[in-house]
Amino acid sequence: MARLALALVLAQLAMNSMVLPVRAETPQQHATRMAWWREARFGMFVHWGVYAVPAGEYDGREVKGPSEWLMNNAPVPVGEYVKYASRFNPAKYDPAAWVAAAKAAGMKYIVITSKHHDGFCLWDSKVTDYDVVDATPYGKDLLAPLAAECRKQGLHFGVYYSIMDWHHPSQEPGGKNGQYSPTKMKDGKKPEYVAYMKAQLKELTDELSPEVFWFDGEWPDWWTEADGRDLYDYLLSLNPNVIVNNRVGKGRKGMEGLSKSDQQYAGDFGTPEQRIPPQGLPGVDWESCMTMNNSWGYKKTDHQFKSAPDLIRNLIDIASKGGNYLLNVGPTAEGEIPAESLDRLAAIGQWMTINGDAIHGSTASPFPAIPAWGRVTTGDHKLYLCVFDWPKDHQLVVPRLHNQVPGQYLISNPTGKIKLQPNIDSWTILLPDAAPDATASVVVMEIEGNTAPVTDEPFVVEQGTDGSITLAAHNATTHGKLVRYEPQPYKNTVGYWANPDDWYDWQFTVTKPGSFQVVIQQGCGKGNGGSDVSVTVDDQAIQFTVQDTGGFQNFIDRGIGIVTLDKPGPHTLAIHCLKKARSAVMDCRQVLLIPTK
C-alpha cells in the first residue's frame, strides 16, 4: 500500500505537467493515421485476465453471463476476487503461437485487454501491485512479449483498457444486491483516479507503443464527454499516430456502436458490439466486435460456438459495409486459446488464403441494396462478388454500373475467364455449374475508372424464372426510428419494430404479369401477438393480424391474400402497422409473391 500511495502522489504531480495540446489535424493527416486500420479489415480481440481461473463459476455454481463479468454478476467481494490472482499461472502462454494463429487466419492486428473492469493488469504497472508481475505466481509481463511478436510477424498491436475499475479504492458498487455496475465514484476521488489512469496509459505507451487504444466501461455517470475529450487529446499528445475508439467518451449508444450525431464526439471509430449494422455506418470508420461463442473471457461451460461458415460470412458482410471485424478469443488460465477457437481460425484462414483480396484493403459495396445472393466489396479497380447462394440457373445478376468491365473470373481460378452478358440495367454473369466454395465463392469483376463506382439505378429484386418474387429481409428498406434489419447468423429478419409509425418496403420488377398469392414469413414473441398490419402492393392493400409464434425467432408462413400485377416493370410492396398490440409488432423474414397459375 505504501508503494501505491507514493505512486499515486507522484502520478498526480506528473499529470500537472503532462497534458499537452494535441496538434491540429487535417483530413489528410487523419486519413494517413487511419490508413493501416482501414486496410486491415480483420483483427483479433483477446479477453484475458484472472477471470479465466474461475472460468464462469463461483462458490460451486455457474454464474450467468460472460466470464469476465463474474466479479459483478456473482457478485464476488474484492477481498475474495483478488485471490484468483494467486492461482493465475499461464505457464503454457506462447505469444508466438497466438500471433501465428491470428496471422494464418488473415488477421492484421491484435487488441488485448490490458485491464478489464476488475482492475487486474496484464503488465508490470508501477502504480499498483494488482498486476501479473506482483500478484501472481507467473510473475512476468504478458503484454510486452505479445507486442514484440506482433511486430516480428507483421501484425499491428493494440490494447483494451477499462475506464471503470471495480478494484480501485476510488470506486464502489452501485448496482443491485452488491453488484459493481453501474460503478459509483466516491466523493472527491475522481482526480486521483484520472491521474492513476493517465499514469497507466503513459506506461503502456512508453513500454509497448500500442497502435490502438480500445476503451470500454465508459458508461458510469461520473465519466463525461469532456473527460473523454481530455483523455483522447492526452493520448495523442503521447503518440500523434495512435488510433482511439469512441468509447473513450460518450459517443456510442448501447450496442449500436455509433449513433449520436448531436455533437462531435471524441474517438476515431465506432464500436458496434455483437451486431453488424444493417446498412453499415456510412461516412465514419467502424468496427464490429463479436465473440465466437457467448462469453468474451474463457468460460468452461460455454461451447455454443458459431460455425466457421457463419464467421466467414460475418467477415464478408462487415467488409461489404465498410467496417472492420474484431473477432474475440478467450484464452484459458493456463494461457492457451481454446481448440474450438483455433479450429475456426484455421478454417477462416483457409478461406482467406484464396479470397483475402476481397477483404484486405477493400471498401464498401457500391450498390445501395444488398443482393439476395451474397455481398459485394470494392478493391483496386475490382468488384468482389462474394456469392453465398450459388444460383441454380448459374446466372448471377448484378446491377449495372457506369464503368466498363474488361474481364471477370473466379478468384480461385484467375486465368479462367467467365462470360458476362450486359442488360439494360444489369449484368448477368454466366457461372460454372458448381460453386468453388460452399461458404462463399468470389467472382472478380475488373472495372475501369473510379474504384468507387456509381450505379445507374438502385438495386431492385427481380422476378425469378419460375415467376415467383422473393422479398428477403436483407433487401428491405426501413423507415423510422427503431425498425431495422437484424443480420445472420442470429435472426436474418426485419425486427425491432417497437415504434408503430415505422415501416419498411421493397422495390421489385415484374417481367411476367399475373395474379400472385402473398405469403409472409412472420415471427412474434410470446404474448406479443394481436397487432394489425397492412401489406400494400402499389394501390392494393391486404390487412392481417399478427400471430403469436412463441418467440421472435420462431417463424411461420402465412398466406394473407392475392394481388394482381397486370403490368410489367417496377412495383413496390410496403408493410405498415395499423395498431400495435404489445411491445413490438412482429419480425418478418421474407415476403413471397407466388403465381396463382
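The structure displayed is predicted, hence computed values, not measured ones.
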Within the 3.5 Å criterion, strictly below it, is a donor on [X] or [Y] matched to an acceptor on the partner's side chain?
X    : Y    : result
S162 : H116 : no
E340 : H303 : yes
N246 : T271 : yes
D118 : Y84  : no
T493 : R589 : no
E287 : W214 : yes
N293 : Q304 : no

May I ask you to decide if [Y]'s main-chain N or O and [X]'s side chain share a donor-acceptor pair within less than 3.5 Å?
X    : Y    : value
T136 : S86  : no
K103 : G154 : no
S67  : Y51  : no
D227 : T224 : yes
E334 : K92  : no
K108 : G106 : no
S341 : I337 : no
S288 : R275 : yes
D587 : G523 : no
W48  : T332 : yes

Sidechain N-carboxylate O distance under 4.0 Å for [X], [Y]:
X    : Y    : result
R33  : D268 : yes
K321 : D317 : yes
D230 : K198 : yes
K300 : E62  : no
K299 : E57  : no
R38  : D285 : yes
K306 : D310 : no
D502 : K481 : no

Could you tell me whether the side chain of [Y] reaches within less than 4.5 Å of the side chain of [X], counting heavy atoms only?
X    : Y    : value
N245 : V212 : no
Q521 : I556 : no
R313 : T439 : yes
L311 : M292 : yes
M34  : I243 : yes
P90  : L142 : yes
V111 : M44  : no
L122 : D131 : no

(request) Under the side-chain hydrogen bond (donor to acceptor under 3.5 Å, both in side chains) rule, what do N528 and S583 come out as? Steps first, then yes or no, please. (result) CA-CA 7 Å; N528 276 273; S583 63; 2.6 Å; yes
(message) Take a 6.0 Å sphere around NZ of K190 and say whether it holds more than 12 heavy atoms from other residues, nucleotides or ligands.
(response) yes
(message) Tell me whether D187 at atom CG has more than 12 heavy atoms from other residues, nucleotides or ligands lying less than 6.0 Å away.
(response) no
(request) Quick one: do D548 and R582 satisfy salt bridge (Lys or Arg N to Asp or Glu O under 4.0 Å)? Show the steps, please. (result) CA-CA 11 Å; D548 183 334; R582 299 291 187 272; over 6 Å; no
(request) Determine, step by step, whether F88 and F120 satisfy the side chain to side chain contact (heavy atoms under 4.5 Å, CB included) criterion, reporting the C-alpha distance in whole Å, the side-chain angles of both residues, the deciding distance to 0.1 Å, and the verdict. (result) CA-CA 11 Å; F88 186 61; F120 182 78; 4.3 Å; yes
Rounded to the nearest 0.5 Å, what separates atom [atom1] in [X] from atom [atom2] in [Y]?
X    : Y    : atom1 : atom2 : value
T128 : D134 : OG1   : CG    : 8.0 Å
S295 : E68  : OG    : CD    : 5.0 Å
M71  : Y180 : CE    : OH    : 3.5 Å
Y161 : K115 : OH    : NZ    : 3.5 Å
R247 : Y160 : CZ    : OH    : 8.0 Å
L201 : M197 : CG    : CE    : 7.0 Å

(message) Set out, in order, the CA-CA distance, both residues' side-chain angles and the distance that settles ring pair (Phe, Tyr, Trp, His ring centres under 6.0 Å) for H117 and W219, then state yes or no.
(response) CA-CA 12 Å; H117 309 323; W219 53 84; 5.5 Å; yes
(request) Quick one: do Q522 and C588 satisfy side chain to side chain contact (heavy atoms under 4.5 Å, CB included)? Show the steps, please. (result) CA-CA 5 Å; Q522 64 116 123; C588 176; 5.6 Å; no
(request) Could you give me the CA-CA distance, side-chain angles and deciding distance for S114 and L143, then say whether side chain to side chain contact (heavy atoms under 4.5 Å, CB included) is met? (result) CA-CA 7 Å; S114 65; L143 299 186; 3.7 Å; yes
(message) Determine whether the aromatic ring centres of residues Y93 and W98 are separated by less than 6.0 angstrom.
(response) yes
(message) Using ring centroids (six-membered ring only for Trp), state whether Y193 and H168 fall under 6.0 Å.
(response) yes
(request) Going by the side-chain hydrogen bond (donor to acceptor under 3.5 Å, both in side chains) test, name the single residue among E207, E203, Q200 that passes it with W123. (result) E203
(request) Scan T291, N328, T113 and name whichever one has a side-chain hydrogen bond (donor to acceptor under 3.5 Å, both in side chains) with H47. (result) N328
(request) Identify the heavy atoms of G529 and C524 that sit nearest to each other, and give their distance. (result) N-SG, 3.5 Å
(request) List the steps, then state whether side chain to side chain contact (heavy atoms under 4.5 Å, CB included) holds for M290 with L326. (result) CA-CA 6 Å; M290 302 176 77; L326 191 62; over 6 Å; no
(request) Cation-pi check, R41 to Y325: give yes when NZ or CZ is under 6.0 Å from the six-membered ring centre and within 45° of the ring axis, no otherwise. (result) no
(message) With salt bridge (Lys or Arg N to Asp or Glu O under 4.0 Å) as the criterion, how do K186 and E192 come out once you've worked through the C-alpha distance, each side chain's angles and the decisive distance to 0.1 Å?
(response) CA-CA 11 Å; K186 295 179 181 178; E192 173 187 304; over 6 Å; no
(message) Tell me which one of W36, Y109, F42 satisfies ring-ring contact (aromatic ring centres under 6.0 Å, His included) with H156.
(response) W36
